[in-house]
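Read the numbers this way: they start at 1 and go in the same order the structure lists the ligands and their atoms.
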Amino acid sequence: MKIGFIGLGIMGRPMALNLLNGGHQLAVWARRAESMQPLLDAGARGAASPAALAGGVDLVISMVADAPDVEQVMLGERGVASAGKAGLVAVDMSTIRPAAARSIAARLLEQGIDFLDAPVSGGEVGAVAGTLSIMVGGSAAAFERARPAFASIGRNIVHVGESGAGQVAKAANQIVTGVGVLTVAEALNFAARSGVDPARVREALLGGFAYSRILENHGQRMLDRDFRPGFKSWMHQKDMNIVMQSAHELGLCLPVSAATAQMYNAMVGSGLGEEDSIAVLKLLERLSGAAS
Ligand code: NAP
């Protein structure tokens, strides 16, 4: 199918490449021209703006940062909606607030554009491998139209419910992964400060109930002290803020998420925002008196 892709960062670039490899006709737009080059080299067509992109395709996908960015590329000046292409399906795969996704969906529908919120889990590794978990909110008809695109970039593709439901699932995902990364960092720091090899501790834990993909993948990267992003800490702060804002709106008690959100606030305040979220280990080390 003819697909337009907006936002070619850590996640967007490999996702767009997998759409090309899946046999789709791909047009791309990125605000920095150099971000487009790898896709143009691989056979995609470049567009001058989101509106120009939308004019020639059946489906537009955005993978940007936060809600204001999605609003800008979908509804802003020279945004997708300004192409005036009723019948288009627009899919946002960034992680944003559920309420913002519902609001964008309503405003696009006024222009005859169906909107799906379809955030992902699986990280850069999953984006490269085309094995992302995709959680989708919106109408069943739009979901069916977008399914061939989802099939090229993901493996576990779930239509969760109406508009915003995909982002609710993603916020729930970030509760589990945000808390998970922090607990793995705590466990490895605990082992090291107790004078025991954290690598051997991780190895022992992998065989029991403490096993998790996070202990396996993120735990190994913590041991390697490989803090290159991956998933930037400021993005994880954004996601924990989404969780806490939703909890505030609903009057919910989320004590473990609240503590985790504070740690990601401190990551950004400590100048670790551009490092991978596993750098929360460094923060714990500093708080535990290690010199670094
Ligand atoms: P990233 O590497 O920073 O890429 C974001 C891209 O969006 C950048 O290329 C950026 O363009 C573009 N962008 C941001 N705001 C824009 C705007 N207003 N207009 C046009 N382009 C804009 O981030 P990422 O890691 O790919 O994450 C993208 C989204 O996926 C985020 O919502 C994140 O929470 C989510 N996510 C990330 C992961 C992960 O492991 N990385 C996993 C699951 C979900 P520039 O290059 O010009 O800055």
Q: Test salt bridge (Lys or Arg N to Asp or Glu O under 4.0 Å) on R225 and E275 and set out the steps.
A: CA-CA 11 Å; R225 304 194 76 76; E275 297 197 18; over 6 Å; no
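Partners of R155 according to the salt bridge (charged side-chain N to carboxylate O under 4.0 Å, His left out) rule, which considers only residues two or more places apart in sequence or in another chain, do not exist here.
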Ignoring hydrogens and angles, write down the donor-acceptor pairs under 3.5 Å from the side chains of residues 156-166, residues two or more places apart or on other chains.
residue	atom	partner	partner atom	Å
N156	ND2	S133	OG	3.2
H159	NE2	G138	O	2.7
H159	NE2	G161	O	3.3

Exercise answer: donor-acceptor pairs, residues 44-53 side-chain atoms, under 3.5 Å, sequence neighbours excluded:
residue	atom	partner	partner atom	Å
S49	OG	A51	N	3.4
S49	OG	A52	N	3.0

At less than 3.5 Å, what protein N or O atoms come close to the N or O atoms of ligand 1? Include the distances to 0.1 Å.
residue	atom	partner	partner atom	Å
ligand 1	2 (O)	I10	N	2.9
ligand 1	3 (O)	K232	NZ	2.8
ligand 1	9 (O)	G9	N	3.4
ligand 1	11 (O)	R31	NE	3.4
ligand 1	15 (N)	D69	OD1	3.3
ligand 1	18 (N)	D69	OD1	3.0
ligand 1	18 (N)	Q72	OE1	3.0
ligand 1	26 (O)	I10	N	3.3
ligand 1	26 (O)	M11	N	2.9
ligand 1	32 (O)	A65	O	2.8
ligand 1	32 (O)	T95	N	3.0
ligand 1	32 (O)	K238	NZ	3.4
ligand 1	34 (O)	K238	NZ	2.9
ligand 1	41 (N)	G230	O	3.1
ligand 1	46 (O)	R32	NE	3.2
ligand 1	46 (O)	R32	NH2	2.5
ligand 1	47 (O)	R31	NE	2.9
ligand 1	47 (O)	R32	NE	2.9
ligand 1	48 (O)	R31	NH2	3.1

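Remark: E144 engages R147 in a salt bridge, criterion side-chain N to carboxylate O under 4.0 Å.
In this structure a side-chain-to-backbone donor-acceptor pair under 3.5 Å is missing from S103 to A99.
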